[in-house]
Amino acid sequence: MRSNGCGELRNKDISSKVELCGWVDRCRDHGGVIFVDLRDQSGTIQITADPDQGKKLFEIAETLRNETVVKIKGVVRSRPKESINKKLGTGDIEILADEIKILNPIRGNLPFTVSVHDEEPVKEELRLRHRYLDLRRERMNQNLRLRHKTIHTARNFLEKEGFIEVETPILTRSTPEGARDYLVPSRVCGGEWFALPQSPQLFKQLLMVGGIERYYQVARCFRDEDLRSDRQPEFTQLDIEMSFMEQEEILALNEKLIVAIWKAIKGIDIPTPFPRMTWEESMNMYGTDRPDTRFDMKLEDVSEVVKNLGFKVFSGAIAKGGSVKCITVKNGNSTISNVRIKPGGDIFKEAQEAGAGGLAFIRVREKGEIDTIGAIKESLSNSQKEDLLKITKAKAGDLILFGAGETSTVNKTLDRIRQFLANELKLISDKNEPKAWNFLWIVDFPMFEFNSEENRLEALHHPFCAPKAEDLTKNSESIEINLPKAHAQAYDLVLNGLELGGGSLRIHDPDLQKQVFTAIGLSSKEASEQFGFLTDALNMGAPPSWGNRFWVGQNCNAINWRRIYS
RNA sequence: GGGACCGUAGUUCAACUGGUUAGAGCACCGCCCUGUCACGGCGGAAGUUGCGGGUUCGAAUCCCGUCGGUCCCGCCA
């Protein structure tokens, strides 16, 4: 039907006869000559309709509208020197049309414009209703290709490493994991329901017991929870599980996979090994388990300095077992006004959203002088002031923002403000491209987290992850006593503040698995009802195995990988 | 489940404190234009201001209800 792609043609094609198909991106009608930008998947080229080539041709060209589907026959020719368009890959040449055939005209109004030149925002709802038009747009088209390339590269890589792709069931039984299940009524077993899998977690463990050794799957997962802008109820993860591996081996393998993907999609060589940080370090320094390390503004704990301060917001927080931490905004005095950090200001609101009661601040002036609210200034001694400036390394012109209260709230608040300011101050990206690709392993996650509402421990990762052996043998006490404080043999991979995925060593000892169930408050009856099949399997020769998964971004955004769930 | 914000032409937005006939860009239609490339010029058509009710001399604007959407909290091992 066609001889070339629009975007492929170059000077070397001059004088050749071509047949092109595509969509009209834009028309410029000069009365005596009409220029048509013709677009297909490969790019755009200018078609010139000249009345000398026939009256009929010109009449058809006059009727063309944006997005009309056409087939064009013509000859490639060079453009006049003064008309060369350097912005276009095909800008040296054009097609002199001798036949234009309309394959499908446009009837009525288009809901939005498709052309790459149009950058007007369009409501999400409209874009979804007319997804086909949206996909025609360059950016969306590229996103789908990016996603394809990512998965294609992963498949090739895993194939070479001896993995096989296995599909696990979609219509399955409900296993109580974290989220609500999507349910599907069963016609055959009236009154019974299938659940859609929240992840292939248990299936892949059973595959390991089944001697598969190296499995992967591009797996669809379903979780019936409320949405967020970066969360979807249905998402895809690259799911991997392998037997007989040490942690170092699996981290190295993951790094190789990531390196291969970034090489393929960005042409970038990511250096290995990736840096590592323990969960505790990350929480202390960044207030989150997925820190964005492209910029500094680390959290500093100043509890020791201010614990006896007359300023009760600070000293009171510490007396109640909380802490006072702060971040230092370089040159914040000139970039951030008081209006923004006082009640009603946007930065203050961010702090409130995170649960903070307020947002204390100190502005550092010349010669170690400070500006702040009266209550802090009056109660701060000279040596305390000096200690603060020493810990924060704040210089004249810098702004120090404080969080005080329960440590988890303080962390959450400062993490949020840190990210908010990084965006505002443009510390993290130039245009749409990140300033760096900072991959980071977070290791040594705690096994459990205390849920104060339900008054019980919860698995931080999931209840199948193995605790670190040395944590269990501390002080030669029993496993039951050491378990709640143990660290998991689990890791997360973080990129620029986004959690790309993570993994862990599975428990393969049925007794230990039972202990973990007990620790999270699952009675042995419940455990055997819900996970009996798993403990059965562990009794019949389960190998030690590591599993992990990466989120494959639903939105194929600038980075393609996005946090969906943790 | 809770909170904040939004809904005006096909579309993106505007319309002061409630005050004349609800405006503009793009798209659309017509006319003009032979080197533009987000072409340009002149003209035109296009609106139940999401829907229903209320307050008022007067409502896009204020109030109540309702529908739809965006974001956030809870939730998402």
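Order of the sequence lines fixes the chain letters, A, B, ..., with proteins taken first and strands second; residue numbering starts at 1 for each chain.
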Atom pairs and distances, side-chain donor-acceptor, residues 38-45 of chain A, under 3.5 Å, sequence neighbours left out:
from   : atom 1 : to     : atom 2 : distance (Å)
R39(A) : NH1    : D25(A) : OD1    : 2.6
R39(A) : NH1    : E67(A) : OE2    : 3.2
R39(A) : NH2    : E67(A) : OE1    : 2.8
R39(A) : NH2    : E67(A) : OE2    : 3.4
D40(A) : OD1    : C6(A)  : N      : 3.4
D40(A) : OD1    : S42(A) : N      : 2.8
D40(A) : OD1    : S42(A) : OG     : 2.6
D40(A) : OD1    : G43(A) : N      : 3.3
D40(A) : OD2    : R2(A)  : NH1    : 3.4
D40(A) : OD2    : C6(A)  : N      : 2.9
S42(A) : OG     : C6(A)  : N      : 3.1
S42(A) : OG     : G7(A)  : N      : 2.9

- Query: What do you reckon, do H30(A) and the base of C39(B) stack, with centroid distance below 5.5 Å and planes below 30°?
  - Reply: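 The ring of H30(A) is stacked on C39(B).
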Hey, does the side-chain of [X] have a donor or acceptor N/O within less than 3.5 Å of a partner on the base of [N]?
X       : N      : value
R77(A)  : G35(B) : yes
R79(A)  : U36(B) : yes
R223(A) : C75(B) : no
E94(A)  : G35(B) : yes
E125(A) : U70(B) : no

- Message: Within this structure, what is the CD1-CD1 distance for the pair I100(A) and I60(A), rounded to the nearest 0.5 Å?
- Response: 7.0 Å
- Please tell me which of the listed nucleotides, C33(B), A27(B), C72(B), lies nearest to the side chain of D29(A)?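 Minimum distance to the D29(A) side chain belongs to C33(B).
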- Query: What pattern of brackets, bars and dots sums up RNA chain B from 5' to 3', given Watson-Crick or G-U wobble pairs under 3.5 Å, [ ] for crossing pairs and | for another strand?
  - Reply: (((((((..((((.....[...)))).(((((.......))))).....(((((..]....))))))))))))....
- Message: According to salt bridge (charged side-chain N to carboxylate O under 4.0 Å, His left out), who are the partners of D415(A), at least two apart in sequence or on a separate chain?
- Response: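 Result, salt bridge (charged side-chain N to carboxylate O under 4.0 Å, His left out) vs D415(A): none returned.
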- For Q515(A) and T518(A), test the side chains for any donor-to-acceptor distance below 3.5 angstrom and give the result as yes or no. no
- Task: Would you indicate, yes or no, if C75(B) has its OP1 or OP2 atom less than 4.0 angstrom from a side-chain nitrogen or oxygen of R228(A)?
- Result: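 No, outside the criterion.
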